[in-house]
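Some notes on the structure that comes next.
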Amino acid sequence: QVHLVESGGGLVQAGGSLRLSCAASGPIVKISAMGWYRRAPENEREEVAIMASGEPTNVAASVKGRFTIYTDNAENTVFLQMNNLHPEDTGVYFCYARGITRTDYYRPFETWGQGTQVTVSS
């Protein structure tokens, strides 16, 4: 019953910027971690950046210094500001969240969004 909805993907030239957002809704007691994964064409899904305990964690080396992750916990929303985009950043970006739900007597949950396409041209 917890749902994630992403937005902000698009087509940009190398060096451009995009901002992704993801909003969580449903019977949420607490979100313990929330962030972004991506899947490049013909590649496996990889972690981009995660927010946990109010701080960025597990930021991929390939995006350090270019991407910034931050959250708005009051609205259960996570953002990914992507600057100086490279063609290698092209892929489908998926929002991820885990925490505690009120359903099933306060059981843990883990859920994914449907993904948003990011395409960077050279």
Mind checking side chain to side chain contact (heavy atoms under 4.5 Å, CB included) for [X] and listing every partner two or more places apart, or none if nothing turns up?
| X | value |
| --- | --- |
| Val92 | Phe94, Gln117 |
| Ser32 | Arg98 |
| Arg19 | Tyr70, Phe79, Gln81 |
| Ser62 | Arg38, Ala60 |

According to side chain to side chain donor-acceptor pair (under 3.5 Å), who are the partners of [X], at least two apart in sequence or on a separate chain?
| X | answer |
| --- | --- |
| Ser25 | none |
| Ser17 | Asn83 |
| Thr103 | Thr101 |

*Would you find more than 12 non-hydrogen atoms of other residues, nucleotides or ligands less than 6.0 Å from Glu46 atom CD?*
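Check passes, neighbour count above 12.
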Look up atom [atom1] in [X] and atom [atom2] in [Y], then write down how far apart they are to the nearest 0.5 Å.
| X | Y | atom1 | atom2 | result |
| --- | --- | --- | --- | --- |
| Met34 | Leu4 | CE | CG | 5.0 Å |
| Cys95 | Glu6 | SG | CD | 5.5 Å |
| Met51 | Ile69 | CE | CD1 | 6.5 Å |
| Asp104 | Phe109 | CG | CZ | 13.0 Å |
| Asn43 | Thr90 | CG | OG1 | 11.5 Å |
| Ile31 | Asn76 | CD1 | CG | 4.0 Å |

Should [X] and [Y] be counted in the same cluster of Ile, Leu, Val, Met, Phe, Trp and Tyr side chains packed under 4.5 Å apart?
| X | Y | value |
| --- | --- | --- |
| Val120 | Leu18 | yes |
| Leu85 | Tyr37 | no |
| Tyr96 | Ile28 | no |
| Val118 | Ile50 | no |

*Given side chain to side chain contact (heavy atoms under 4.5 Å, CB included), test Val48 with Leu80 step by step and report yes or no.*
CA-CA 9 Å; Val48 178; Leu80 186 68; 4.2 Å; yes
_Nearest heavy atoms of Pro41 and Gly91, plus distance in Å_ =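 Scanning both residues, the minimum pair turns out to be CD-CA, 4.4 Å.
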*Locate the shortest heavy-atom distance separating Leu20 from Gly9; write the atom from each residue and the value.*
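Leu20 and Gly9 have their closest heavy atoms at CD2-N, 3.6 Å.
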_Residues that Glu110 engages under salt bridge (charged side-chain N to carboxylate O under 4.0 Å, His left out), provided they are two or more places apart_ =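 For Glu110 there are no salt bridge (charged side-chain N to carboxylate O under 4.0 Å, His left out) partners, ignoring immediate neighbours.
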*Go through the structure and list residues passing salt bridge (charged side-chain N to carboxylate O under 4.0 Å, His left out) with Arg66, not counting sequence neighbours.*
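By the salt bridge (charged side-chain N to carboxylate O under 4.0 Å, His left out) rule, Arg66 matches Asp89.
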*Kindly write out the residues that satisfy ring-ring contact (aromatic ring centres under 6.0 Å, His included) with Phe67, not counting sequence neighbours, or none if the list is empty.*
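Per chain and number, Phe67 pairs via ring-ring contact (aromatic ring centres under 6.0 Å, His included) with no residue.
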*For residues 12-36, pull every pair meeting ring pair (Phe, Tyr, Trp, His ring centres under 6.0 Å), keeping only residues two or more places apart or in separate chains.*
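Residue pairs passing ring pair (Phe, Tyr, Trp, His ring centres under 6.0 Å), neighbours aside: none found.
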*Could you go step by step and tell me if Tyr93 and Arg39 meet the side chain to side chain contact (heavy atoms under 4.5 Å, CB included) rule?*
CA-CA 7 Å; Tyr93 284 67; Arg39 186 176 66 212; over 6 Å; no
*Linking directly or through intermediates, with side-chain heavy atoms under 4.5 Å: list the remaining ILVMFWY members grouped with Ile100, chain and number order.*
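In the cluster with Ile100 are Val29, Tyr106.
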